[in-house]
Amino acid sequence: MKTSETLYQQALEQLQRLIDEAGARAMAEPHAAALATADSQARPSVRTVYIVAVEAEGLLFFANRNSGKGHQLIENPRAALCLFWPVLQEQAIIEGDVLLQSAEVSDLYWHKRARVAQLAAWTSEQGAPAPKKPVLRREARQFEHDLGFEPVPRNPDWCAFRIQPDRIEFWPTGWQRMRERTRYQKDADGQWLREALNP
């Protein structure tokens, strides 16, 4: 019989395996996930984010804390993710509490981001009314010129968030195959359980 933590680890390994397999089959953006949040009045929002790490502590992604999703994640730190890989006919749903990560964790993953994405995080005030496109591009080029060969420091508003799963569900698509779903979920005592569900 598998222990609670073994079941959780098994679910994370399956999630990472699907991401890796989708990438190996040349699917665009295999790390992309729909992130659903709600504000303090329970008004929902959804948008796509990039999962930068699947770890025992949870799934890590970035957000500007002054953006709409940043405000919602801080006001109501509960969220859901849905990753969909059409090439695999698979999707995964993750639900859990969300924690704003330390500056050290944010710095660690910031330095793994592409330089162009780092520059954009400084020059684009996310969610604000947009100036003409050449203005942003000119500001990004100027900022990069001023930096020279120096690393791009992390914008202090650009933070790492971690969703700590209490439910992970693998939901194969394609009715013609009638493939059952598998749900991993924490019970009231904090123990992980696994069960098969009808498609």
Determine the minimum heavy-atom distance between [X] and [Y], stating which atoms define it.
{"X": "A79", "Y": "T37", "answer": "CB-CG2, 4.1 Å"}
{"X": "L83", "Y": "P30", "answer": "CD2-O, 4.1 Å"}
{"X": "A63", "Y": "L73", "answer": "CB-CD1, 4.5 Å"}
{"X": "F84", "Y": "M27", "answer": "O-CE, 3.3 Å"}
{"X": "T173", "Y": "E90", "answer": "OG1-N, 3.9 Å"}
{"X": "G190", "Y": "S4", "answer": "O-OG, 4.2 Å"}

Y50, L108: one ILVMFWY side-chain cluster at the under-4.5 Å cut-off?
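Same cluster: Y50 reaches L108 through Ile, Leu, Val, Met, Phe, Trp or Tyr contacts under 4.5 Å.
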Is it the case that the side chain of [X] and the backbone of [Y] share a donor-acceptor pair, with hydrogens and angles ignored and the cut-off at 3.5 Å?
{"X": "N76", "Y": "A38", "answer": "yes"}
{"X": "Y8", "Y": "A56", "answer": "yes"}
{"X": "D189", "Y": "Q191", "answer": "no"}
{"X": "Q118", "Y": "W110", "answer": "yes"}
{"X": "Q164", "Y": "R162", "answer": "no"}

Distance alone, cut at 3.5 Å: any donor-acceptor contact between the side chains of Y109 and Q101?
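The criterion, which ignores hydrogens and geometry beyond distance, is not satisfied for Q101 and Y109.
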Distance, nearest 0.5 Å, that separates CD of Q91 from CH2 of W85:
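Q91 CD to W85 CH2: 9.0 Å, rounded to 0.5 Å.
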Measure the CG-CD1 distance between L99 and I74 for me, rounded to the nearest 0.5 Å.
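Rounded to the nearest 0.5 Å, the CG-CD1 separation comes to 11.5 Å.
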Residues E13, R17: salt bridge by 4.0 Å N-O rule:
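Looking at R17 together with E13, the answer is no, because their closest N to O distance does not fall below 4.0 Å.
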